[in-house]
Every structure is written in C-alpha cells, then in structure tokens.
Amino acid sequence: MLLRSPFVMSKEILEAAASKAYRMPYDGSEEMYCVVPSAPLVKGTLLTWMKAGASLITVLEAAEPYLGDPVEVAKGFKNELLESAWIEHRQWVSFDLVNRDVPKKQAYAVLAKLVSELLDARCAGIYLPKENQFTIQDRAAAAEHLGRLAR
C-alpha cells in the first residue's frame, strides 16, 4: 500500500481488520490468530507479525516513499492517473506471506482479505512488485483488483 499520509498500522487496527478479514476473534482467545508488533528495525520502519491460522504474515511499514523519489519513479508511467497517484504517496506498507509452500493465488487471497479491510482515503494505490502492477486507490477498484488476484 502506498500511503498519501501517515497511518500507523497499530496492533489494534490490525486486529480489527484481521477479525473482519478472517472472521476470527483477534482477542487472545485463539493462539493461531494474533498480532505481534516488534521493536522498530531502523528509524521510521516498523515490523509486525500476524498469524491467520496456518498463515504467517509480516507487515512492514516505512515512513518514506517506496523506491525513492516519487517524481523520478513516476516518470516511467504512461498513465497520468498512475503517475499522479505515485507522486502523492509519502510512505508505504508491505504485506508478505512468510509461508513459502503456499501457491501464489492462495497467498494473494490471504493478503487481499486483510489489505481490503485497511483501504481508506490515505491509500494512493496498491503496488505488487512481483507482478509489476500498480492500481490507483479507489476502495472499490483496489478491492476488485485484490479480489481478482485472489481468485
């Protein structure tokens, strides 16, 4: 997620989103469904571990633009809307499934459910580095895009 403005993915925010996404309580009653923040890795970078049943997810937040200067990176876009959305972002959050033995569609399905619950006006877009796909944020468009990846 490329974010226009600061949005710390606190333990409480991630628990609420995960509870909705996976339809399980994230209240400590189920050890296979939990959120575990860690200490900052470096200044401006936070790592959180999440458990969603058998899935282990990392949430990495960085208080800086993704891939460096947004204006320089956006020069490669042919679509003005994508270029504008990329230039607008000020920080990013990545969601990664640690389980390496999971098929790609299943991995995207797990992550898409969570990310869809976190979309709001702060999100400029969703970028999938392995797919080299960037979708501008409009809650419906981004949720639809994530849903297609999960199918």
Side-chain angles (χ1 to χ4, degrees), residues 1-68 70 73 81-82 84-151:
M1 291 176 73
L2 302 183
L3 303 171
R4 291 181 178 99
S5 60
F7 179 33
V8 174
M9 301 283 169
S10 70
K11 183 177 191 290
E12 295 76 20
I13 287 171
L14 290 170
E15 286 172 338
S19 289
K20 287 180 184 177
Y22 307 122
R23 296 186 172 101
M24 290 297 294
Y26 273 71
D27 59 6
S29 64
E30 297 282 337
E31 67 181 29
M32 294 297 284
Y33 295 86
C34 62
V35 175
V36 182
S38 66
L41 301 173
V42 294
K43 185 178 179 184
T45 305
L46 299 172
L47 178 68
T48 301
W49 295 89
M50 296 184 69
K51 197 80 170 99
S55 300
L56 180 59
I57 302 165
T58 59
V59 180
L60 180 62
E61 302 173 61
E64 62 185 27
Y66 189 70
L67 299 177
V73 175
L81 291 174
L82 292 177
S84 176
W86 192 281
I87 290 170
E88 287 178 10
H89 94 277
R90 298 291 172 255
Q91 72 178 61
W92 57 271
V93 181
S94 71
F95 300 84
D96 293 298
L97 191 68
V98 176
N99 311 62
R100 297 291 176 218
D101 57 340
V102 175
K104 183 165 65 170
K105 280 190 178 267
Q106 184 180 340
Y108 276 135
V110 170
L111 298 173
K113 286 179 184 178
L114 178 62
V115 172
S116 292
E117 293 298 332
L118 294 164
L119 293 174
D120 68 12
R122 289 174 281 220
C123 182
I126 305 291
Y127 179 59
L128 302 170
K130 288 186 178 181
E131 309 299 328
N132 195 28
Q133 292 179 359
F134 180 51
T135 302
I136 57 173
Q137 206 289 327
D138 154 318
R139 184 176 168 88
E144 179 184 327
H145 181 221
L146 292 169
R148 280 194 312 273
L149 290 170
R151 288 186 213 125

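We're numbering straight along the sequence, starting at 1.
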Nearest non-hydrogen partners of [X] and [Y], listed with the distance:
X   : Y    : value
K11 : V35  : CE-O, 3.3 Å
V98 : W49  : CG2-CZ3, 4.0 Å
M1  : L119 : CE-CD2, 4.1 Å
P65 : P70  : CB-CG, 3.5 Å
V8  : I13  : O-CD1, 3.6 Å
A52 : I57  : CB-CD1, 4.4 Å

For side chain to side chain contact (heavy atoms under 4.5 Å, CB included), just list the numbers for Y108 and L97, CA-CA rounded to whole Å, side-chain angles, deciding distance to a tenth of an Å, and then say yes or no. CA-CA 8 Å; Y108 276 135; L97 191 68; over 6 Å; no
Measure up the H89 and W86 rings against each other and bin them: parallel (under 30°), tilted (30 to 60°), perpendicular (over 60°). perpendicular
Under the side chain to side chain contact (heavy atoms under 4.5 Å, CB included) rule, what do V93 and L3 come out as? Steps first, then yes or no, please. CA-CA 8 Å; V93 181; L3 303 171; 3.7 Å; yes
Between atom [atom1] of [X] and atom [atom2] of [Y], what is the distance when rounded to the nearest 0.5 Å?
X    : Y    : atom1 : atom2 : value
T135 : Y127 : OG1   : OH    : 11.5 Å
S94  : E61  : OG    : CD    : 9.0 Å
E117 : S19  : CD    : OG    : 10.0 Å
K20  : S116 : NZ    : OG    : 12.0 Å
I126 : Q133 : CD1   : CD    : 11.5 Å

Pair M9-L118, side chain to side chain contact (heavy atoms under 4.5 Å, CB included): steps then yes or no: CA-CA 9 Å; M9 301 283 169; L118 294 164; 4.0 Å; yes
Is the backbone of [Y] close enough, under 3.5 Å, to the side chain of [X] for a donor and an acceptor to pair up by distance?
X   : Y    : answer
R90 : P6   : no
S5  : R122 : no
R4  : C123 : yes

Is any side-chain heavy atom of L114 less than 4.5 Å from a side-chain heavy atom of M50? yes
P129 side chain near Y66 side chain, heavy-atom distance below 4.5 Å: yes
Applying side chain to side chain contact (heavy atoms under 4.5 Å, CB included) to L41 and L60, what does each step give before you reach the verdict? CA-CA 10 Å; L41 301 173; L60 180 62; 3.7 Å; yes
